[in-house]
Participant: 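Can you keep this structure in mind? I'll have questions shortly.
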Amino acid sequence: MTKEEIKKTIVDAIYEIAPEHEGEEIPEKESLQESLEIDSYDFLNLLTALAKKLGVEVPEEDYGKVDTLEHMVDYFAERIK
Amino acid sequence: MIYKMPSLGADMESGILAQWKVKEGDTLKKGDVIADIETSKGVIEGEVYEDGTVEKIVAKEGIEYPVGTPLAVIRTEKDDDATIQREIEEAVSALSAPSKKEEVAPQKEEEAGKTESVFKTPASEETPKSAAEELFGAIAKTETEPEKKSEPEAPVRVRATPLAKKRARELGVDLEEVAKKVHGKISAKDVEAFAKEMAQKGSAPKAAKPDAMRMAIAAAMSRSNAEIPHYYLSTPINMTRALEWLRDLNAKRSIRERILPAALLIRAVVKALEAVPELNGFWKDGPVVSHEIHPGIAIARREGGLITPALIDAQEKNLDETMKALTDLIERTRGGKLTSSQMTRQTITITNLGDLGVEKVYGVIYPPQVALVGFGRIMERPWAEGDAIAVRKVVEASIAGDHRATDGRTGALFLSKLDKVLQKPEELL
């Protein structure tokens, strides 16, 4: 999977979790929770959806490594074989 | 027992019986959903509050009935044949009352009064409307279409995405006008296109309808501040142990079974309330302690605004069950159907503004409740331990109490108990 594909998967998952942002551009370098106003429940939901789509579960201790869209893409890109 | 069109908000005058979930002869348990009721806010699951058997269904699907109209007769343990017979007659005759149709919402006050006297049975209980009920009732108005006029059987439904509703409010666009041009669900883009078109035509959009949800919050909070002498207390709680324990627990679990700190905090509040029950209940011309704990959890809605549906019977739930119930509440608030008890039975409110980064919350109590528990963000702070200073994860817990019902001492006992409970997270499992 290319980084572009991973990014698209993540963005689509965000649209599903937070439909009020559907079609909006998701900022690359800002905290997802803050810029999208999603709470910890939505964030967990997003990671659950991504675990299903990408086959990688993010442990809690790595939450700091998936705080922005850019970081999240890198995180999954490193772990998807 | 006669099952009547429930009131799901102070200003709910009627609801459409969308679908029966049971048939005659079915056995019901307390809490079972008997029917889906469509209000202008959306579809709500109507529940029964006693065990019983469906004896007779009198109301028809797709029809709008005023609040209090008999919909079905349910045989409970207390009912003998004579009672059931009388109730069936009463229900049937109420439904065949000639003036029923004309009285369907919206009604003038006089007519509403009349409806009540026609449909209400002597057994019906008057309970004070809670602010939550008022709020839920009001959401009804913000949400979808303008007041229904005289065609109860063919209500105009406007289907729109949450963002579309939000944009419509911001731009002062009437969704019903947009619906005339758009087929299917209205999107935010449709709303924006409509607003642009109106601007080009030179016809300024009509002033936005007053946001009924905002108005209801305003009314409830004004009432709260006018009537309730609040006291406020807060204390920092060291969450390091609890969070470490939670991290270890979650590390062993798949992502689907993880517990959020919010669920842990709710569970801890419930435990502390068991020790200090005076804060869980109502003020109704005097303090009323509730032995059931149904905390109203503040949850943001996608389309804006915030509601506090009840996490029912939290005192009977362990940590996993609390997390499950919280998930259910959030999902129902953000797209599913809330049940009638989730909308009306709150005994205390818990608000957690932590996700927004504030340090502490001093809340305003929802009457007739007598307390509100607030949590700020869990943040790293210097913390004295013995004669050293260490960095610890700390949450500021606060309580707003109704000084008529309890004293500051009660609130202080509660916060102290809450702290103790959170130092032994393993007991919260």
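Atom set for the values below is all heavy atoms of this structure, side chains included, hydrogens, waters and symmetry mates excluded. The sequence lines fix the lettering, A, B, ..., with proteins before strands; numbering per chain opens at 1.
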Participant: What are the atom names and distances for all donor-acceptor pairs below 3.5 Å between chain B and chain A?
Facilitator:
from: Asn250(B); atom 1: ND2; to: Glu60(A); atom 2: OE1; distance (Å): 3.3
from: Asn250(B); atom 1: ND2; to: Glu60(A); atom 2: OE2; distance (Å): 2.9
from: Ile255(B); atom 1: N; to: Glu57(A); atom 2: OE1; distance (Å): 3.2
from: Arg258(B); atom 1: NH1; to: Val58(A); atom 2: O; distance (Å): 2.8
from: Arg258(B); atom 1: NH1; to: Tyr63(A); atom 2: OH; distance (Å): 3.0
from: Arg258(B); atom 1: NH2; to: Val58(A); atom 2: O; distance (Å): 2.9
from: Arg302(B); atom 1: NH1; to: Asp42(A); atom 2: OD2; distance (Å): 3.4
from: Arg302(B); atom 1: NH2; to: Ile17(A); atom 2: O; distance (Å): 2.8
from: Arg302(B); atom 1: NH2; to: Asp42(A); atom 2: OD1; distance (Å): 3.1
from: Glu331(B); atom 1: OE2; to: Tyr41(A); atom 2: OH; distance (Å): 2.8
from: Arg334(B); atom 1: NH1; to: Asp39(A); atom 2: OD2; distance (Å): 3.4
from: Arg334(B); atom 1: NH1; to: Asp42(A); atom 2: OD1; distance (Å): 3.1
from: Arg334(B); atom 1: NH1; to: Asp42(A); atom 2: OD2; distance (Å): 3.2
from: Arg334(B); atom 1: NH2; to: Asp39(A); atom 2: OD2; distance (Å): 2.7
from: Asp355(B); atom 1: OD2; to: Ser40(A); atom 2: N; distance (Å): 3.1

Participant: Are there residues of residues 422-429 of chain B whose heavy atoms fall under 4.5 Å of chain A's heavy atoms? If so, which?
Facilitator: none

Participant: What is the distance from atom CG of Leu47(A) to atom CD1 of Ile255(B), rounded to the nearest 0.5 Å?
Facilitator: 5.0 Å

